[in-house]
There are 2 protein chains.
Amino acid sequence: MEFASFLTSLGTSFIIFVILMLLFTWLSGKPGNHEIYFPNRILKGMEPSSRTRNPISWIKEAISSSENDIIAVSGVDTAVYFVFLSTAFSMMVLAGIVLLPSLLPLSITDHSVRQNNTTSNGTFSELDKFSMGHIEAYKHVSEIRATALMSSEVRAEQFAVLVRDIPPPLEGETRKEQVNSYFKAIYPDTFYRSMVVTDNTKVNKMWEELEGYRKQLVRAETVYAQSKTIDKPEGIRPMNRIGFLGLCGKNVDTIEYCNEKINELISKMETEQKVTLRDKQLSSALVFFSSRVAAASAAQNLHARMRDTWTVEDAPEPRQLIWSNLSLQFYMREVRKYVVYITVALMVVFYMIPITMISAFTTLGKLVKLMPFIKPVVDIAPIRTVLEAYLPQLALIIFLALLPKLLMFLTKLEGIPSESHAVRAASGKYFYFIVFNVFIGVTLGGTLFGNFKDLEKAGFTKIIDLLGKGLPDNATFFLTYVALKFFVGYGLELSRLIPLIIFHLKKKYLCKTEAEVKEAWAPGDFGYATRVPSDLLILTITLCYSVIAPLILPFGAVYFGLGWLVLRNQALKVYVPSFESYGRMWPHMHARFLAALVLYQVTMIGYFGLKLFYFTPLLFPLLITSLIFAVVCKKKFYGFFQHAALDVVCHELKESPNVERVYRSFVPPSLSSDKLDGDHYGDA
Amino acid sequence: MEFASFLTSLGTSFIIFVILMLLFTWLSGKPGNHEIYFPNRILKGMEPSSRTRNPISWIKEAISSSENDIIAVSGVDTAVYFVFLSTAFSMMVLAGIVLLPSLLPLSITDHSVRQNNTTSNGTFSELDKFSMGHIEAYKHVSEIRATALMSSEVRAEQFAVLVRDIPPPLEGETRKEQVNSYFKAIYPDTFYRSMVVTDNTKVNKMWEELEGYRKQLVRAETVYAQSKTIDKPEGIRPMNRIGFLGLCGKNVDTIEYCNEKINELISKMETEQKVTLRDKQLSSALVFFSSRVAAASAAQNLHARMRDTWTVEDAPEPRQLIWSNLSLQFYMREVRKYVVYITVALMVVFYMIPITMISAFTTLGKLVKLMPFIKPVVDIAPIRTVLEAYLPQLALIIFLALLPKLLMFLTKLEGIPSESHAVRAASGKYFYFIVFNVFIGVTLGGTLFGNFKDLEKAGFTKIIDLLGKGLPDNATFFLTYVALKFFVGYGLELSRLIPLIIFHLKKKYLCKTEAEVKEAWAPGDFGYATRVPSDLLILTITLCYSVIAPLILPFGAVYFGLGWLVLRNQALKVYVPSFESYGRMWPHMHARFLAALVLYQVTMIGYFGLKLFYFTPLLFPLLITSLIFAVVCKKKFYGFFQHAALDVVCHELKESPNVERVYRSFVPPSLSSDKLDGDHYGDA
């Protein structure tokens with residue numbers, strides 16, 4: 001790729017970004033779009049729009065918002081994510097200030113690196129400052145987590161533990177009795193009650209069906225009410241066919257039919273609920289305690305002699321429980337875990353083959369050869385330039401978009417009991433995937449394929465030389481990639497063009513009832529499972545390539561700075577988190593952050609070594625320091641992100657907790673009915 | 001070494017064993033030796049000797065004793081050790097029955113191993129049975145441990161936890177207040193009281209001095225009383241010089257002098273005790289709970305946000321606390337741990353050099369060349385044969401005898417808080433040491449040095465061939481080694497010749513008082529730090545060499561069978577355990593047992609692969625099975641050996657525990673004085 005096409009790409013990206021921002025300013029001012037630009041505020045019952053029509057007022061608001069605002073509006077996980085963004089940003093800026101003046105001239109004039117020993121030594125101590133910043137960041141996140149956990153408000157999950165792998169009950173004993181007597185013996189004072197997990201497949205299905213009919217009924221009633229015009233005060237009663245997809249079968253009055261079906265289903269469901277609670281008890285349970293300390297302590301203790309029975313762990317929030325996974329047996333979970341790991345490892349390795357081929361072969365010339373009919377379009381000069389600049393990146397992005405859902409599906413197969421844990425696990429897998437395939441794949445693949453003919457002539461002994469020559473090309477590729485990510489990515493993020501269009505289409509043609517409209521603008525959450533690994537990829541790319549192409553550092557800084565700004569706005573106004581894990585994503589991010597730093601140092605050693613820089617050995621202590629630092633961080637801080645420390649949760653509550661309400665919040669909707677009261681449920 | 005010298009060595013060993021056994025029968029019958037042969041029974045207040053004078057009555061007693069007898073007399077750790085011995089024994093017997101008929105003829109005729117595929121396949125399933133035996137053994141040990149932990153008797157250590165890394169107290173707050181308020185907040189109902197660890201160096205020294213004078217006083221009084229004969233009813237008052245070693249200085253009346261010194265020291269010590277308790281408080285404490293569940297739970301919980309503060313772990317028994325290690329800081333312990341690990345690793349590797357030289361050069365011929373003056377002795381034919389048979393092994397044994405104390409010293413430097421843990425850690429180090437140096441060192445070293453000239457000629461490409469040729473020689477070496485270990489080792493163990501001689505000498509010439517005599521026959525404990533690794537070495541050697549020299553299997557069986565028998569006798573009658581860790585040595589032994597098994601399978605694969613046995617690949621699944629088995633064992637059982645399971649300790653006690661007495665049992669003798677009562681101590 002030539003420098004001209006790089007500049008074109010950069011320019012286009014910037015123009016797109018400016019257009020998107022202007023669009024955002026214009027669109028977000030219109031009251032009809034408030035559900036798209038301020039859903040989080042609307043759901044929280046706040047005034048949707050800001051008062052002024054100043055186009056940059058959102059920037060002001062984002063910058064002036066404090067961490068506590070974020071925690072209040074979007075939770076601890078989001079606040080922790082911003083700590084990550086700001087740490088990454090400040091690291092980029094610091095690295096840019098230190099490295100650019102010393103490395104950029106070198107890289108441009110391509111002289112030997114030998115002269116800059118003093119500067120480099122200066123760099124080392126600066127690099128140590130990065131680490132210090134990290135410790136501060138970790139401590140800070142730990143404090144945020146502690147503050148949230150010691151909050152004086154009652155949070156359901158702090159009073160419960162999840163018990164899995166319960167052995168078969170004794171003859172003549174129900175599961176419930178078994179669990180109660182077991183925990184009463186160990187916690188005579190603090191045990192409150194238990195909820196045995198049941199196989200809810202059938203009752204869930206009925207409940208979904210029931211909800212469907214209820215929605216249909218509301219919709220039919222709305223349609224009917226709207227049809228009552230002044231001309232036709234009796235209205236038109238909506239009708240539908242009850243056969244396949246409403247296309248065939250008997251034609252019935254929808255309102256009557258739905259009412260009938262609902263009544264029928266309610267009585268059937270009540271029977272099924274009783275059957276479920278009585279006969280479908282599984283080998284796991286939720287156990288409730290009357291104090292937070294008791295629950296936090298129980299989740300950390302070994303209860304039975306064998307690790308594969310009576311496994312106790314922290315209960316997640318009710319909303320993020322993955323019910324179908326709760327009763328998987330210990331060895332089943334272990335086996336599934338390893339099977340999934342192996343599958344993902346194979347995927348990571350073998351997805352690389354098509355990816356490297358794409359990055360090597362998706363050039364415009366080859367594409368035209370394959371599809372001659374696109375030639376007329378391509379021949380237009382500006383389109384050609386744009387396509388040439390973006391094609392490989394676009395191919396890459398589309399290719400990667402297929403992946404996250406597959407990884408999340410595989411992760412949930414492991415038997416993980418909570419959504420937040422599944423998100424973390426999927427995020428880890430995705431990170432390995434993109435680092436291996438995008439970063440390593442493109443670096444190696446692009447270089448090797450681009451020089452494939454040279455390679456055949458020269459033999460594999462010259463691979464190293466080729467890699468050395470090929471690297472700056474890849475650097476341009478990644479510069480474009482990062483720029484595309486932040487200008488177009490964050491532009492789209494802020495302007496929310498696609499959700500806006502979909503919302504308006506749905507509102508106009510599909511939605512009849514209030515509930516349907518609300519569903520149409522539901523903003524969703526941050527999607528950490530792909531957002532975090534993408535950021536980490538950018539971090540890794542930026543750091544590693546900064547050694548040979550220091551110009552990438554400002555791009556990295558803009559990525560994280562702009563990201564912070566745009567996402568701050570989205571956190572305050574748009575996204576609604578779907579779970580709260582009290583910052584448990586942090587150790588995950590931090591470990592990979594450090595891994596990127598280590599990779600950066602290794603790259604530096606390798607590159608300086610290649611250039612025969614005399615002071616390269618001085619970098620080894622730095623590398624060792626980084627590794628020791630990683631170990632110390634893990635030892636010192638990680639425990640608290642696994643479990644709740646007792647001196648944190650022993651803080652007093654505002655009021656004595658209503659554990660019965662806590663208990664009720666865990667009852668799944670398909671099992672909580674008006675007729676089946678709690679006692680009935682619990683003691684069935 | 002020729003076959004003749006091997007037989008001579010075997011014969012001599014056997015004769016020595018028979019002589020030692022006869023000596024044991026004769027000596028143990030004499031009432032004057034009862035303190036040596038029955039100290040454990042005497043200390044437990046039981047009848048020392050058995051009734052009959054039957055020379056094999058001890059064998060009957062050993063065989064008929066049940067596991068519960070062992071637990072009652074010698075504790076859980078000893079019972080667990082016997083589980084290990086019997087598992088090893090039954091494995092040897094089983095392997096012998098399966099392997100000998102199939103492998104022995106092959107090994108003798110040295111034909112290719114190709115024919116025995118069916119037999120080998122039979123072997124695989126038998127080998128699986130070993131594993132099954134292991135699971136049973138692990139379960140059994142886990143049950144022994146559970147039974148002991150759920151005992152209805154009050155054991156002090158079950159009510160206490162050890163707290164380390166306490167952060168500095170607030171201004172105006174004592175350590176005691178800090179610890180009390182911290183634990184009262186978390187455990188309002190079950191916290192009993194705390195004992196802050198103090199720097200006892202000075203007070204301990206005073207106490208030792210005091211004890212010294214007290215002993216001297218008793219001795220002087222005894223001497224004085226004995227001197228009052230009928231002829232001289234006034235007796236001779238003992239005198240001593242108070243200068244260096246009692247050789248110079250003023251001559252004083254010992255009784256008066258000691259009394260004076262004792263009174264002086266008591267008052268000085270009282271002052272020092274107060275100073276210690278008030279001003280020498282360190283950053284660790286023992287915390288006492290009123291229930292076992294609370295203590296067991298506290299030991300497993302994370303208490304503070306940072307792992308490096310308020311570290312809580314199970315308290316060991318009072319008698320096995322290593323006080324000087326309790327207050328080492330977290331990072332200090334980590335650093336020391338790694339420093340010790342690296343030191344030991346270097347020792348393991350570099351001790352090998354002298355060892356291999358010894359096993360290569362300590363032949364009689366070379367010794368005579370070095371020391372010509374021993375030639376006349378060596379020329380006597382029987383002596384020559386015996387020396388030739390034993391010399392390398394003796395050199396090895398002497399060389400190894402220097403090591404354990406050094407390893408224990410290094411281990412204690414790590415900051416380990418309890419004796420039993422230190423024993424386990426030292427045992428692990430010793431195991432690596434002897435496996436690396438004795439097993440691998442002799443196998444490689446003996447072969448390489450023995451053929452050093454060939455090696456120089458042939459170049460290093462032929463090393464593999466040499467090793468193949470050299471192995472059978474080493475097998476003979478190890479056969480002799482094992483035989484020496486069990487015949488002479490267990491013969492000496494049973495006859496206790498050396499302790500007997502030392503005891504009688506001391507009794508006759510040194511001991512004056514009852515206490516001194518008692519000290520002279522104190523039997524000591526089993527010494528697991530060296531005993532367990534030695535057994536594990538024999539196990540490893542026997543299993544690995546059984547592939548090429550199956551004759552070693554009966555030797556292994558005899559080693560463990562005879563060991564079981566002799567040590568059963570010693571456990572019932574002689575050794576007094578110095579601590580009780582409720583079988584925490586087991587996972588340590590089991591892991592190395594499995595490692596030996598894996599090494600055995602690897603050897604088999606290597607050896608069969610060398611012989612081009614077609615069905616060698618069939619062994620790989622076996623190896624993988626072993627590894628999975630090891631992982632499952634660790635996952636399933638290990639947790640309970642780290643911590644007490646709560647459903648075990650929640651069993652009810654016979655009586656409500658007197659926690660004050662528990663507390664008092666932890667007060668070190670140098671700090672518990674008649675005048676300083678408990679409250680005074682605790683709240684100083």
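Here is the naming used below: chain letters follow the sequence lines, and residue numbers restart at 1 for every chain. Source: prediction; values computed, not measured. For the numbers below, each heavy atom of this structure counts, side chains included, while hydrogens, waters and symmetry mates do not.
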Novice: To the nearest 0.5 Å, tell me how far M306(A) CE sits from K636(B) NZ.
Specialist: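 Reported to 0.5 Å precision, the distance equals 5.5 Å.
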Novice: For atom NZ of K337(A), is the number of surrounding heavy atoms from other residues, nucleotides or ligands below 6.0 Å larger than 12?
Specialist: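 Buried by this count: over 12 neighbours within 6.0 Å.
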Novice: State, to 0.1 Å, how close S297(A) and N301(B) come at their nearest heavy-atom pair, and which atoms those are.
Specialist: OG-ND2, 2.9 Å
Novice: When rounded to the nearest 0.5 angstrom, what distance separates CG in L646(B) from CH2 in W310(A)?
Specialist: 12.5 Å
Novice: Minimum heavy-atom separation for V648(B) to R305(A), with atom names?
Specialist: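 Heavy atoms of V648(B) and R305(A) come nearest at CG2-CG, 3.6 Å.
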Novice: Looking at chain B, which one of L149(A), I186(A), V293(A) has the largest number of heavy-atom pairs inside 4.5 Å, strictly under?
Specialist: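 Option with the top pair count is I186(A).
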Novice: Would you mind checking which part of E652(A) comes under 4.5 Å of any heavy atom in chain B, side chain (CB onward), backbone (N, CA, C, O), both or neither?
Specialist: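 For E652(A), no heavy atom lies under 4.5 Å from chain B.
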Novice: Report yes if some heavy atom in the side chain of R307(A) is under 4.5 Å from a heavy atom in the side chain of K635(B); otherwise report no.
Specialist: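 R307(A) does not reach K635(B) side chain to side chain.
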Novice: For A644(A), is it the side chain, the backbone, both, or neither that has a heavy atom closer than 4.5 Å to a heavy atom of chain B?
Specialist: backbone
Novice: Below 4.5 Å from any heavy atom of chain B, which atoms of F641(A) appear? Answer side chain, backbone, both or neither.
Specialist: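 Answer is neither: F641(A) stays 4.5 Å or more from chain B.
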Novice: Please round to the nearest 0.5 Å and tell me the distance separating atom OG1 of T309(B) and atom CG of D647(A).
Specialist: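 Rounded to the nearest 0.5 Å, the OG1-CG separation comes to 7.5 Å.
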Novice: With only heavy atoms counted, which part of Y182(A) is less than 4.5 Å from chain B, the side chain, the backbone, both or neither?
Specialist: side chain
Novice: Top residue by heavy-atom pair count (under 4.5 Å) with chain A, among G639(B), A304(B), A294(B)?
Specialist: A304(B)
Novice: If you count the non-hydrogen atoms of other residues, nucleotides and ligands that lie under 6.0 Å from OH in Y331(A), is the total more than 12?
Specialist: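 Above 12, so yes.
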Novice: By ring pair (Phe, Tyr, Trp, His ring centres under 6.0 Å), which residues pair with H303(A), not counting sequence neighbours?
Specialist: F183(A), Y187(A)
Novice: Check C650(A) against A185(B) and note the closest heavy-atom contact, atom names and distance.
Specialist: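 Answer, listing the atom of C650(A) first, then A185(B): CB-O, 4.0 Å.
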